Undergrad: 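So that we are looking at the same thing, I have put the structure below in structure tokens.
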Protein chains: 2
Amino acid sequence: MARTPRNTLSSELIVRTALELMESRGADAFSLRGVAAELGVGPMALYTYFRNKDELYDAVRDHLMGLLPAVPGDAAWPDQVRAVCRSLRLLMLQHPCLAQLLAGRPLSGHETARVAEGLLGVLRAAGFDAETAARTHTTLFTYVLGSTSWEIQMAAERRDPEAWRRLRATMESLSARDFPSVVELAPELARTTGGDEQFDYGLDLLLAGLQLRTPS
Amino acid sequence: MARTPRNTLSSELIVRTALELMESRGADAFSLRGVAAELGVGPMALYTYFRNKDELYDAVRDHLMGLLPAVPGDAAWPDQVRAVCRSLRLLMLQHPCLAQLLAGRPLSGHETARVAEGLLGVLRAAGFDAETAARTHTTLFTYVLGSTSWEIQMAAERRDPEAWRRLRATMESLSARDFPSVVELAPELARTTGGDEQFDYGLDLLLAGLQLRTPS
DNA sequence: CACCGTACTATACACTGTACGTTATGAAGG
DNA sequence: CCTTCATAACGTACAGTGTATAGTACGGTG
């Protein structure tokens, strides 16, 4: 009765191989047939372990979320929040496919819940009521997701010289009369697209706003 | 050989048709062959007007950005910023495909620049220096993009009863011992995923933080 | 009227995810 | 040992996708 797998495959092995392929070839070029070929197996073999491509995506995402460190226990709550947000961002930068995995599917899975638990626990311990804690959690999550996804997207674009050239071209074709601020701030805009400083700037704005509402 | 007359196509017509299809069938199900069929034309006919699918995406995105209203000129700058962010969010909610169009490609195009110009102009007029204006612009944009994309994504998931049922199931399978905060705050988390209140909550945090840095 | 560039068609290729039916392997029961 | 049976993995097939390449017919200009 023990449903022992035949031989070669397992969920973990498939997830690991899928992750490798996403990182080497990019999340867009990823395909079920690719990971099947990498495993020396027919495409349909994967359907024994995952109902479809999305379920494999979910498994890879949860696997990556499992790599996040625990919340530091011995710090003031704003620093704890900062640490959680920064480590999620760092993980996304180390594994760019995570951005698409997070944005494209609803959150689910054990490890994902663990991360949410960490942040929510910090907010509750800081004294925020249930609604504020939930709202803050959602706000922080969407900020980290949005800003880091954007950063990754732009970095990828910059690596493609053809796309980068055309972006510069359209930027420089803008008339300084119609778009004075855009033209004037173009270098600043390019410089502030991504980077730790940019991320921390927005995060600090959020935390400063949040501290104005500190309870007790 | 019943051949359709010569100049039936145009960029605008293609963009309009593409937008209709994205909104009726969803941005994921959108295909070049679909819009070509809708126009009663072979798939390759579109390549006369757009170099590839991505360029069509860009055109649709820029067309949508053209629908954004101008910045209200007679308000305090925080209210102007709020208005810009809210109208972008509103447009994304009215045209859900815009979320994917914005997230998946770098910004370019005339109308897109116009929107950036509006927000940057407000920030400069408020007295912020070049770097702060650029950073704030990027922060606000990624916040609006991230939070509204997430909201749209979740709303779509909620409409699929099968996916929604499985989401509830995994939520309820979490042990209250391992994930006390998640389990306790589950209803709040569900309630704060999306909605004007949630959006304004995060936006107010950002603006509150920003006002602490008001120049002059 | 002849010409030519342009707008469009036709065909083809290399992919994708996955539904369906078949095979062969490993463990369990006699 | 042999039989039995659930199932892991296979092979085939289908309906799609974007787009490269080559061919065709029309409209405006000489």
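The analysis underlying the following values was restricted to heavy atoms, covering all of them including side chains, and did not include hydrogens, waters or symmetry mates. These numbers were taken from a predicted model, which means no experiment stands behind them. Below, read A as the first sequence line, B as the second, and so on, with proteins coming before strands; counting in each chain starts at 1.
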Undergrad: Could you give the angle between the helix axes at the two ends of the helix from C:dC1-D:dG30 to C:dG30-D:dC1, with five pairs per end, rounded to 10 degrees?
TA: 10°
Undergrad: Hey, does the side chain of A:Tyr49 come within less than 4.0 Å of D:dA8's phosphate (OP1/OP2), counting only N and O?
TA: no
Undergrad: Go through the steps to decide whether A:Phe199 and A:Tyr143 satisfy the test ring-ring contact (aromatic ring centres under 6.0 Å, His included), and finish with yes or no.
TA: CA-CA 9 Å; A:Phe199 178 79; A:Tyr143 170 70; 5.7 Å; yes
Undergrad: Which is it for A:Phe50 and A:Tyr57 under the ring-ring contact (aromatic ring centres under 6.0 Å, His included) test, yes or no, and what are the steps along the way?
TA: CA-CA 10 Å; A:Phe50 301 96; A:Tyr57 278 149; over 10 Å; no
Undergrad: Decide yes or no on salt bridge (Lys or Arg N to Asp or Glu O under 4.0 Å) for A:Glu188 and B:Arg135, but give the supporting numbers first.
TA: CA-CA 8 Å; A:Glu188 267 81 12; B:Arg135 288 212 185 283; over 6 Å; no
Undergrad: Between B:Arg82 and B:Leu207, which heavy-atom pair has the shortest distance, and what is it?
TA: NH1-CD1, 3.6 Å
Undergrad: With no hydrogens and no angle check, is any side-chain donor or acceptor of A:Asp62 less than 3.5 Å from a backbone partner on A:His110?
TA: yes
Undergrad: Nearest-Å distance, CG (A:Leu13) to P (D:dA8)?
TA: 15 Å
Undergrad: Using a 4.0 Å heavy-atom cut-off to protein, can you give one letter per nucleotide of nucleotides 15-22 of chain D, 5' to 3': B if the base is in contact, S if only the sugar-phosphate is, - if neither?
TA: --BBBBB-
Undergrad: Show your reasoning for whether salt bridge (Lys or Arg N to Asp or Glu O under 4.0 Å) applies to B:Arg166 and B:Glu162.
TA: CA-CA 6 Å; B:Arg166 277 198 296 180; B:Glu162 164 64 13; 3.7 Å; yes
Undergrad: Is the number of heavy atoms from other residues, nucleotides or ligands within 6.0 Å of CD (B:Gln94) greater than 12?
TA: yes
Undergrad: Do the side-chain N and O atoms of A:Gln198 and B:Thr139 include a donor-acceptor pair separated by under 3.5 angstrom?
TA: yes
Undergrad: Heavy atoms under 4.0 Å, any strand shown: does A:Ala45 hit a base, just sugar-phosphate, or nothing?
TA: sugar-phosphate
